[in-house]
Every structure is written in structure tokens, then in C-alpha cells.
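Atoms within each ligand, like the ligands themselves, are counted from 1 in listed order. In what follows, every heavy atom counts, from backbone to side chain, and hydrogens, waters and symmetry copies are set aside. For clarity, every value in this text was computed on a predicted model and none was experimentally measured.
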Amino acid sequence: MTSKYSFPNDFLWGVATSSYQIEGAHATDGKGPSIWDTFTQLPGNIKNGDTGNIACDHYSRWKDDVATMKDLGVQAYRFSISWPRVLPTGNGPDINEKGLAFYDRLVDGLLDANITPYITLYHWDLPQQIQNQGGWPHRSTVDLFVNYADIVSKKLGDRVKHWITHNEPWVVSTNGYLNGHHAPGHKSWGEALSATHHLLLSHGLAVPVIRNNSPNCEVGITLNLCPAYPASPSIADQQATQQFDGEFNRWFLDPLFRGSYPEDVLTTHLSKKRIMSSDLSFIQDGDLQKISTPIDFLGLNYYSRAIIRSNEIPEEENTPVEINPGEQTDNGWEIHAESLHLLLKRLTIEYPIEAIYITENGAAYNIKPNGTSEIHDEIRIKYIHDHLIACYKSLEDNVPLRGYFVWTLMDNFEWAEGYGQKFGLIHIDDATLNRIPKDSFHWYQRTIANNSLNH
Ligand code: FCB
């Protein structure tokens with residue numbers, strides 16, 4: 001029977017995680033330190049002094065976690081590789097065979113369970129040694145990433161056919177190098193801009209290498225995009241919105257899919273911040289062509305929209321705010337599912353994108369188990385349900401949307417927020433690390449089984 005919200009038969013249902021957020025075993029079996037190992041040890045960086053040293057102990061419990069995913073019924077699992085687990089100093093040829101073997105077993109375990117692996121190569125845990133040499137703001141990191149991508153795709157490319165080079169380069173450069181909220185905690189416009197460029201360049205150069213090692217694979221990149229709306233019709237708010245959109249969204253989409261950085265950001269917005277063209281000398285001839293190497297899909301992480309109010313509104317334009325944010329999740333992100341639908345349509349219209357996966361979507365709700373160790377998180381179910389309706393509408397509008405990954409399988413280390421923000425379908429007991437599926441787990445299980453929202 002087809003119901004109102006039946007998804008296409010080949011629509012892919014998945015869950016996503018990342019290495020530092022779940023693995024633990026931060027110094028086990030030859031793993032080298034990452035910038036997150038260093039950053040979390042410094043007091044004041046992470047709420048509550050939390051670290052990923054143990055995290056969900058997935059490194060030891062991965063078999064149980066795969067069995068749980070099989071029970072959930074997901075067809076795909078997006079996870080990331082810890083670069084310093086494979087290459088302790090970041091550089092080849094010193095491969096840590098034990099580290100690589102962990103991912104080898106995980107991939108085989110997933111395939112045995114009929115779950116397709118989607119590998120993210122870089123989800124933020126840069127080897128500390130590479131940061132010591134300058135990190136992403138330095139061009140030498142580009143070649144190191146390509147070498148790492150080569151080693152991993154050579155080893156796993158016979159079985160893994162879906163590759164994501166980077167997760168959210170905006171976050172890496174902005175939080176890591178501009179506002180200092182994430183590792184390595186730097187605060188420099190110049191570093192943030194060159195980090196972005198090198199992340200994108202390393203993506204473009206890794207694509208053919210991965211394809212070569214993994215015949216008939218699909219390669220893409222994951223961006224966090226945030227649709228922006230002016231708070232009022234005033235010119236100042238509209239300009240501020242264009243600027244936000246340029247720096248947040250088009251600064252990544254344009255080079256990847258058009259081979260150029262957005263002109264308005266280059267000429268107007270950066271000069272407002274006193275960043276001169278000479279400061280952009282890290283962009284070398286031919287780079288943009290490499291960055292725009294055609295890819296097979298875009299991974300989209302969507303959580304919220306932004307409502308933009310200019311902080312420099314001239315008196316005569318001081319139009320009252322017309323859009324106010326609606327309800328928020330527990331980490332203060334506004335819930336706005338319809339913006340996902342509009343964003344997906346916009347992407348399809350403005351850029352030559354062959355296929356899109358929602359590689360992350362989910363909500364922080366800090367609901368604890370009640371006395372019977374059940375977790376009633378209807379509110380998360382509603383969030384995911386409403387965003388899946390946005391996906392459904394996008395499919396009706398012919399957006400080439402291929403699948404959806406919930407962020408995240410289980411509560412985990414939420415970066416600077418520590419363990420306080422809970423996005424998981426599964427609760428982790430603080431003391432025992434036992435896994436307790438939440439109501440949202442069972443709801444997602446039924447959704448996948450029915451391939452539909454009507455159940
Ligand atoms: C994204 C990250 C992911 C997780 C979610 C909540 O920006 O990719 O690791 O932290 O936000």
C-alpha cells in the first residue's frame with residue numbers, strides 16, 4: 001500500500017557518527033594524538049572539562065554497535081576515520097597497521113550486517129604533528145591529506161564505495177581558526193581564509209586518487225549550509241543577509257560547483273573586514289579548477305536557518321523586525337524544517353549537483369531515562385519527522401535526494417559542549433556506558449521498515 005509519505009524504494013536510510021565523538025581509545029594500539037586530544041586537555045576549552053578519551057568506547061564495543069544498527073534496520077552508516085589512528089604523525093609511510101585494521105574489521109562487520117559504509121575521511125581530528133607544522137592554514141597540509149586519503153582508500157576501496165572527503169569545512173576554518181571555539185583554538189581571519197582554501201583544495205586533489213583506488217565509487221564532500229533570511233525588508237538587513245549567505249554558503253558552493261569564489265564576497269565583504277587581495281595570495285593559479293573537479297554527490301548537514309539583523313542599520317532604514325525565531329532545541333538552534341525544503345530546491349536550481357544526501361540532521365534534547373529506563377523523546381521524533389516531510393516535498397519537486405542520515409546513532413562527545421548535548425537515538429549510561437535505545441530509535445526503526453512516515 002502506498003501512503004501519503006512513502007519514500008522511493010531506493011531511498012537510503014542511515015545514521016551518522018564521527019571518530020573522535022564516539023571511539024575513545026585515544027592513545028590505544030599506536031594511535032597518535034590529534035588536535036582534539038590536545039585541545040580537550042586544556043582547562044576552559046570544553047564544558048565540564050569533558051574529553052573524548054573514552055567517549056562511547058566504540059573502539060571496543062563496535063561489534064555490539066553494528067548489531068544494534070542492524071536491529072535498527074539502517075541500510076547505511078556514515079562514520080569517519082581518525083587520521084592519527086592510521087598515521088600517528090599524519091604523514092606516510094609510517095602506517096599504524098593496528099589502527100587501519102580497526103577500520104578494516106568495522107567495514108567487514110558492516111558489510112556482513114548488510115549495512116553500506118559511507119566513510120568521511122576528515123571529521124576534524126587532525127594529527128597534532130600536522131598542526132605543529134602549521135595545520136590547515138599551511139599548503140603543505142594539502143599533500144598530507146591526499147596521501148592519507150590514498151592510504152585509506154587503497155586499503156578499503158575494494159569494499160567501500162562511498163567516500164566523503166571533508167565534513168563541514170566552514171566549521172573547521174571558522175571554529176578552529178577564527179573564533180577559537182574548536183581545536184586548535186586559533187583566532188585569525190587570515191588563518192581561517194587560507195584554511196578554507198586548503199581544505200577545499202585537498203578535497204579536489206583527493207577525488208581522483210580515491211576514484212583510482214576504489215573503482216566505481218561515489219565521492220563527495222559534506223557542507224553545513226544555513227539558509228539566511230533578512231529580519232526586516234530594510235536594505236541594511238538584506239545586505240547583511242547576502243553577506244552571511246556569501247560567507248557561509250556560497251564561499252563553499254561556488255568554488256566546488258562553479259570553480260570561482262563569489263565575487264561579492266571578494267570585492268565587498270572581505271574589504272569591509274580589511275582583508276585585501278594581497279592577503280589572498282594563498283590562492284594559486286589552477287587551484288579553483290582542481291577544487292571544482294566534478295563530484296558524485298553533495299552531502300548536506302542541515303540543522304537550522306539564520307535570521308539576519310544588520311548591526312549597522314541607518315536611522316532612516318530602521319524597519320521593525322518582521323521575522324522572529326520560532327521554537328528551539330535544547331542547544332538553542334531554531335527548528336525550521338521548511339527551510340530544508342527551500343534549501344534543497346535552491347541547490348538544485350543554482351548549482352549543477354548530481355545527487356544529494358542529507359548526511360546529518362537531528363536535534364539536541366537532553367532527556368534522561370525515567371525510572372523504567374525508557375527515554376520518551378517524542379520531541380526528537382517530531383523534529384526528525386518534520387524534516388523528513390521536507391525531504392519528501394523536495395523529492396516531489398524532483399530534487400535528486402538519495403538518502404537521509406540521522407545525527408546521531410548514540411549520545412556522544414559534542415565538541416566544545418562536551419557530553420551535555422544529546423543528539424542520539426540511543427542513550428549512553430554515564431557510569432556503565434550501556435546503550436539504551438530511546439523512543440526515537442524505535443520510531444526510526446518503524447519508519448525504515450515501512451519506508452514511510454505513516455505508521
Ligand atoms: C555538526 C557536526 C557533528 C555534530 C553535529 C551536532 O556540525 O558535524 O559532528 O557535532 O553538528
Hey, what polar pairs (N/O, under 3.5 Å) does ligand 1 make with protein?
unit_1   : atom_1 : unit_2 : atom_2 : d
ligand 1 : 7 (O)  : E168   : OE1    : 2.5
ligand 1 : 7 (O)  : E168   : OE2    : 3.0
ligand 1 : 8 (O)  : H123   : NE2    : 3.3
ligand 1 : 8 (O)  : N167   : ND2    : 2.9
ligand 1 : 8 (O)  : E168   : OE1    : 3.4
ligand 1 : 8 (O)  : E168   : OE2    : 3.4
ligand 1 : 8 (O)  : E360   : OE1    : 3.1
ligand 1 : 8 (O)  : E360   : OE2    : 2.9
ligand 1 : 9 (O)  : Q21    : OE1    : 2.8
ligand 1 : 9 (O)  : H123   : NE2    : 2.9
ligand 1 : 9 (O)  : W415   : NE1    : 3.1
ligand 1 : 10 (O) : E414   : OE1    : 2.8
ligand 1 : 10 (O) : E414   : OE2    : 3.0
ligand 1 : 10 (O) : W415   : NE1    : 3.0

**D296/R211 salt bridge by N-O under 4.0 Å criterion** =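 Counted as a salt bridge, because a side-chain N and a carboxylate O are separated by less than 4.0 Å.
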
**Prompt:** D125 pairs by side-chain hydrogen bond (donor to acceptor under 3.5 Å, both in side chains) with which of S34, S18, S19?
**Reply:**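 Looking at S34, S18, S19, the match for D125 under the side-chain hydrogen bond (donor to acceptor under 3.5 Å, both in side chains) is S19.
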
**Item:** Pairing residues for Y404 by the ring pair (Phe, Tyr, Trp, His ring centres under 6.0 Å) criterion, not counting sequence neighbours
**Value:**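 Once residues adjacent in sequence are excluded, Y404 has no partner under the ring pair (Phe, Tyr, Trp, His ring centres under 6.0 Å) criterion.
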
**Prompt:** Among all residues two or more places apart in sequence or in another chain, which pass the side-chain contact (heavy atoms from CB on, under 4.5 Å) test with Q328?
**Reply:**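 Residues passing side-chain contact (heavy atoms from CB on, under 4.5 Å) with Q328: none at all.
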
**Request:** Test the R258-Y351 pair against the cation-pi criterion, namely NZ or CZ under 6.0 angstrom from the six-membered ring centroid and within 45° of the ring axis.
**Result:**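 Because its charged atom sits under 6.0 Å from the ring centre and within 45° of the axis, R258 does stack over Y351.
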
Let me have the donor-acceptor pairs involving side chains of residues 182-190, under 3.5 Å, with sequence neighbours excluded, atom names and distances please.
unit_1 : atom_1 : unit_2 : atom_2 : d
H186   : ND1    : E191   : OE1    : 2.8
S188   : OG     : G190   : N      : 3.4
S188   : OG     : E191   : N      : 2.9

